[in-house]
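Quick note: numbers below take in every heavy atom, side chains included, and nothing from hydrogens, waters or symmetry partners. We name chains A, B, ... by the order of the sequence lines, and we start the count at 1 in each one.
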Amino acid sequence: MVLPMIAVEGIRKTFRLSRGQRRERGGAARGATVDAVAGVSFACQPGRIFSLLGPNGAGKTTTLRMIATMLRPSAGSIRVGGHDALAHPEHARRVLGFLTGSTRLYDRLTPEELVRYHADLHGVPRAQYRQRRDEIFARLGMEAFARQRIGKLSTGMKQKVSIARTLIHDPEVLVLDEATAGLDVIASRGIVDLIRGARERGKTVLFSTHHMGEASLLSDDLAIIHEGRLLYSGAYADFTRDMRTASLEDEFIRIVEEARV
Amino acid sequence: MSTIFTVFRKELLDTWRDRRTIMFMVIIPLLLFPVLFKIMFTVQESQADKERAKTLHVACFAPEGAAQRLVEMLRAGEGIEVVADVPRDSAQAFTRDGRLDGAFVVADDFDAAVSELGPGRIDFYYKSTDDQGIARGRLRGIAEKFEEALLAERFERLGLAHDVVEGVDLRTHNLASTQEQIGKQVGGFLPYIFVIFCFMGAMYPAIDLGAGEKERGTLETLLTAPVNRFHILLGKFGVVVLSGLVSAVVSIGGLFIGVRQMREIPEEFFEMVARILGVETILLILSLLVPLTIFFAGVLLSVSLTARSFKEAQSMISPLNIAIIVPAAVGMLPGVELNALTAMIPVLNVSLATKEIIAGTIDGLDLAIVYASLVGLAVLGLWGATQWFRRESTIFRS
């Protein structure tokens, strides 16, 4: 059996509420803390695409941030590429590429400088960097604007820079948090190609989205999260086989609505 | 170590390309004083030239006798026109409304008072607000010459020598060396300038590298790199500290260029300052500034990382300027000396110690307390920023 590249076991993330947030939630009656993620478990296999679906505020970003070691879980365990992400977060980060839709870039740097910066941070040796850089820049068609300031580039060009930055250290695991949010069809296609390309090269991809079209197009495995709890986790083929409604979108809404009742 | 340098190099490049930072770090500190002094002196000089060249209209009401000589002297004065057709009771009103530049009213008993060897009364009316007192000085000078002539006649009539009225030949000798005098005078002003510019120069990079990076969302990406968070912070810290120091040094350079423009200051003064401010003195002052800047960087980065956006960081940091300006200004006040207590107060201690270092009167123990206080604060600043940077609620505050 192939060992999962991401293994999440019963993770929980509890946030302390500010006074204002407590007031918004109806005072002390609702408590001083909130569980953004409450006991979530799933596993992502190499060479497969795992989609994490959920409405806004479901806990997708918090889950992905815990996997990317930006946030520390209040409980549970995470292994990334075989490394205990809680005990050795830096080892986990070494095999991980992270991209979100909300991330912007350093406007005053050029794509060349930015990608080099991330390669240096990941400790990519000089010779290997040159080879990877040339390969990625050629594949994404970035040479023409490699030395222009990022602030002057179009959204599509910036998206390519983000992808190059994510791939420069050849990560085994890709974690993408609503990476297509706010992008037009052409720029979104860049992300879709990135995900497919990664799968072809045997990488593990975990991506969150609330676009059902993307999920149905790419998913090998799928999980639905709502109010911090996992409502479904399994193979996409099994999910579609057992659907009680006509489409993925309808089925997603049905599961979330049932959980609310 | 190489990670710290990688972050430092990138942040430095990013900062150097930020026009706003360069404006606050280099352009303003460098140009503020030369431009300010140039404008000030040009306006002042042109105003003074105008006042000197202006024909002064003056009225003089003098009874017959000795006081008529004053009228003659005024008439003979260059650029002075004695106006005759002014009613005596309107002298003050005409002077107040600008029709006259001045008016002399000699008392009716002037001759009698003078002949009895007493002072004869003359009222001199003028209106001086912003003319640097040049018109008043020109008219008053003539009145003083009139008095001198009157006294000369009096001494001659009495057969007395001039110095008979001088009871004491008081000769004052200031035993403070030139270095001490310059140190206490200029030495108080210098730290006021470089401490404030140091803070200002560090402010924008700190906001950009903390809140700016959070707002852009680039911090998230940085935190997923296999790098120790403390090393990321140190890289950012280095750039903020360097910016503060560059700004401080440039501001002193700007001040020096500005002062060089002042023709009133003799060349010998600059030679003396150059002698006093030797390499050792400059290094000693810089050694005070480095830990202070690290403390500033710690505070600024902590506040900046707490803020949600660049704007919020700006509004949170602006009030801190007062906390820097007040102790820096107190250091300029006469009578505020470096002692065991003031040596522990940040900013004020740098201000007072700089004064003493330039004057060459720094006490070893006081200097040690200043260093201990500053190094302690620097460590505290770095520690505080580290704690802040490790807190999830700070980094992901939204």
Does [X] [atom1] have over 12 foreign heavy atoms under 6.0 Å away?
| X | atom1 | answer |
| --- | --- | --- |
| A:Arg132 | CZ | yes |
| A:Glu9 | CD | no |
| B:Leu283 | CG | yes |
| B:Met23 | CE | no |

What's the spacing between [X] [atom1] and [Y] [atom2] if we round to 0.5 Å?
| X | Y | atom1 | atom2 | result |
| --- | --- | --- | --- | --- |
| B:Leu13 | A:Tyr117 | CG | OH | 11.0 Å |
| B:Arg229 | A:Glu90 | CZ | CD | 10.0 Å |
| A:Asp107 | B:Asp14 | CG | CG | 9.0 Å |
| B:Thr6 | A:His122 | OG1 | NE2 | 12.5 Å |

**Item:** Sub-4.5 Å side-chain heavy-atom contact between A:Met70 and B:Phe396
**Value:**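 Side chain of A:Met70 against side chain of B:Phe396, heavy atoms only: contact under 4.5 Å found.
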**Flag side-chain contact, heavy atom, 4.5 Å: B:Arg17 against A:Leu109** = yes
**Item:** Residues A:Arg16 and B:Glu392 bridged, charged N to O under 4.0 Å
**Value:**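 Between B:Glu392 and A:Arg16 there is no salt bridge, as every charged N stays at least 4.0 Å from the carboxylate O atoms.
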**Asked** Hey, mind stepping through A:Arg116 and B:Lys10 against side-chain contact (heavy atoms from CB on, under 4.5 Å) and telling me if it holds?
**Response** CA-CA 10 Å; A:Arg116 180 67 210 245; B:Lys10 177 263 158 190; over 6 Å; no
Report the option among [options] that has the most heavy-atom pairs separated by less than 4.5 Å from atoms of chain B.
| options | result |
| --- | --- |
| A:His91, A:Arg72, A:His169 | A:Arg72 |
| A:Val175, A:Leu114, A:Leu105, A:Thr166 | A:Leu105 |
| A:Thr69, A:Asp120, A:Leu71 | A:Leu71 |

**Asked** Which bit of A:Thr100 is near chain B, if near means a heavy-atom gap under 4.5 Å: side chain, backbone, both or neither?
**Response**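 For A:Thr100, side-chain heavy atoms alone lie under 4.5 Å from chain B.
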**Between B:Ile395, B:Ile232, B:Val7, the one whose heavy-atom pairs under 4.5 Å with chain A are most numerous** =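 Top option by heavy-atom pairs under 4.5 Å: B:Val7.
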**Request:** Would you mind listing every ring-ring contact (aromatic ring centres under 6.0 Å, His included) that reaches into residues 291-323 of chain B, with sequence neighbours excluded?
**Result:**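 Found B:Phe199-B:Phe296.
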**Asked** Heavy atoms under 4.5 Å from chain A: which residues of residues 208-227 of chain B carry them?
**Response**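 Answer by number: B:Asp208, B:Glu213, B:Glu215, B:Arg216, B:Gly217, B:Thr218, B:Glu220, B:Thr221, B:Leu222, B:Leu223, B:Thr224, B:Ala225, B:Pro226, B:Val227.
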